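Quantities reported herein were computed from a predicted structural model and do not represent experimental measurements. Along the sequence shown, the residues carry numbers beginning at 1.
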Amino acid sequence: QVQLVESGGGLVQAGGSLRLSCAASGRTFSSYATGWFRQAPGKEREFVAAITRYGGSTAYADSVKGRFTISKDNASNTVNLHMTRLNPEETAVYYCAARYGSTLYSGPEKYQYWGQGTQVTVSS
């Protein structure tokens with residue numbers, strides 16, 4: 001069992017940056033690949049980024065490539081998402097998720113553990 005708690009959300013102007021953090025507790029975090037997803041009102045949950053259990057490989061949604069960076073620190077049991085050049089369409093609740101193993105997946109159904117989410121609001 002892994003417990004995930006996100007933080008770092010808030011209000012930012014278009015073009016600005018935010019850094020989200022996900023703190024994990026429970027089983028050995030280095031055994032889990034981790035992803036970030038987001039869900040806007042009335043929309044399905046969508047993949048944002050993922051990282052393998054030791055941080056050696058990453059994957060990003062096309063819409064965030066070059067602007068978002070995911071990183072993992074197993075020593076502190078955290079996963080971060082640094083977001084830059086945000087736009088209003090990226091207003092959503094951002095979720096951290098973990099799955100046992102190292103394979104990267106973009107489908108939310110592949111992840112067993114989820115945080116409660118953190119709100120990101122980008123004003124125009």
Side-chain angles (χ1 to χ4, degrees):
Q1 195 78 343
V2 175
Q3 294 79 42
L4 304 170
V5 178
E6 303 95 334
S7 61
L11 175 65
V12 63
Q13 288 189 332
S17 300
L18 272 179
R19 185 179 182 89
L20 305 182
S21 291
C22 174
S25 60
R27 293 189 179 271
T28 306
F29 196 44
S30 59
S31 298
Y32 295 80
T34 314
W36 283 94
F37 294 79
R38 63 190 179 191
Q39 188 167 18
K43 294 187 177 182
E44 293 187 353
R45 191 167 298 189
E46 65 171 355
F47 171 75
V48 175
I51 190 165
T52 50
R53 54 185 176 176
Y54 294 116
S57 295
T58 57
Y60 296 92
D62 288 343
S63 60
V64 307
K65 281 181 182 177
R67 299 187 298 119
F68 289 15
T69 303
I70 187 171
S71 60
K72 191 172 192 268
D73 183 351
N74 287 326
S76 62
N77 284 358
T78 57
V79 176
N80 298 309
L81 183 68
H82 186 213
M83 307 184 293
T84 65
R85 289 181 281 141
L86 285 159
N87 60 71
E89 290 70 38
E90 296 180 301
T91 293
V93 177
Y94 283 69
Y95 297 91
C96 175
R99 65 176 306 278
Y100 185 80
S102 194
T103 305
L104 296 180
Y105 289 101
S106 60
E109 71 282 358
K110 298 292 188 180
Y111 292 78
Q112 293 92 22
Y113 304 102
W114 292 83
Q116 82 289 349
T118 185
Q119 176 71 46
V120 172
T121 302
V122 185
S123 63
S124 57

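Residue Thr69 holds its OG1 atom at 9.0 Å from CZ of Arg19, rounded to the nearest 0.5 Å. His82 contributes atom NE2, which lies 10.0 Å from atom CG of Leu20 (distance to the nearest 0.5 angstrom).
With Asn80 as the partner, the side chain to side chain contact (heavy atoms under 4.5 Å, CB included) test is satisfied by one option alone out of Ser71, Cys22, Cys96: Ser71.
Scanning all heavy atoms of the two residues, the minimum distance from Leu11 to Ser123 falls at CD1-CB, 4.2 Å. The heavy-atom pair separating Ala24 from Val2 by the smallest distance is CB-CG1, 4.3 Å. The shortest heavy-atom contact between Phe37 and Arg45 is CB-CG, 3.8 Å. Gly115 approaches Tyr95 most closely through the heavy-atom pair O-CD2, 3.6 Å. Leu86 approaches Val12 most closely through the heavy-atom pair CD1-CG1, 3.8 Å. For the pair Ala92 and Arg38, the tightest heavy-atom approach, listed with the atom from each and the gap, is CB-CB, 3.9 Å.
Tyr113 and Leu81 fall within a single hydrophobic cluster, where Ile, Leu, Val, Met, Phe, Trp and Tyr side chains are chained together by heavy-atom contacts under 4.5 Å. Linking ILVMFWY residues whenever their side-chain heavy atoms come closer than 4.5 Å, directly or via other members, places Val48 and Leu18 in the same cluster. Grouping the Ile, Leu, Val, Met, Phe, Trp and Tyr side chains by contacts below 4.5 angstrom, directly or via other members, places Val120 with Leu4. Linking Ile, Leu, Val, Met, Phe, Trp and Tyr residues whenever their side-chain heavy atoms come within less than 4.5 Å places Phe68 and Val79 in a single cluster. In terms of hydrophobic clustering, with Ile, Leu, Val, Met, Phe, Trp and Tyr side chains grouped at heavy-atom distances under 4.5 Å, Ile51 and Trp36 are assigned to a common cluster.
Judged purely by atom type and a 3.5 angstrom limit, Gln116 has no side-chain atom pairing as donor or acceptor with the backbone of Val5. Side-chain N or O atoms of Thr91 include one that pairs as donor or acceptor with a backbone N or O of Val122 at under 3.5 Å. In this structure, the side chain of Glu6 engages the main chain of Gly117 through a donor-acceptor pair within 3.5 Å. With Thr52 contributing its side chain and Ser57 its backbone, the two residues share a donor-acceptor pair below 3.5 Å. Not one N or O on the side chain of Tyr54 forms a donor-acceptor pair closer than 3.5 Å with the backbone of Ser102. Side-chain atoms of Gln112 come within 3.5 Å of backbone N or O of Tyr100 as a donor-acceptor pair.
For Glu109, the CD atom sits in a packed shell: over 12 heavy atoms of surrounding residues, nucleotides or ligands are nearer than 6.0 Å.
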Taking it one step at a time, do Arg99 and Tyr111 satisfy side chain to side chain donor-acceptor pair (under 3.5 Å)? CA-CA 5 Å; Arg99 65 176 306 278; Tyr111 292 78; 5.8 Å; no
Could you check Met83 against Val64 for side-chain contact (heavy atoms from CB on, under 4.5 Å), going step by step and ending with a plain yes or no? CA-CA 8 Å; Met83 307 184 293; Val64 307; over 6 Å; no
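With Phe29 as the aromatic partner, Lys72 meets the cation-pi criteria of under 6.0 angstrom to the ring centre and within 45 degrees of the ring axis.
Residues Thr103 and Lys110 fail the side-chain proximity criterion, which asks for heavy atoms closer than 4.5 Å. With contacts defined as side-chain heavy-atom distances shorter than 4.5 Å, the pair Ser30/Arg53 does not qualify.
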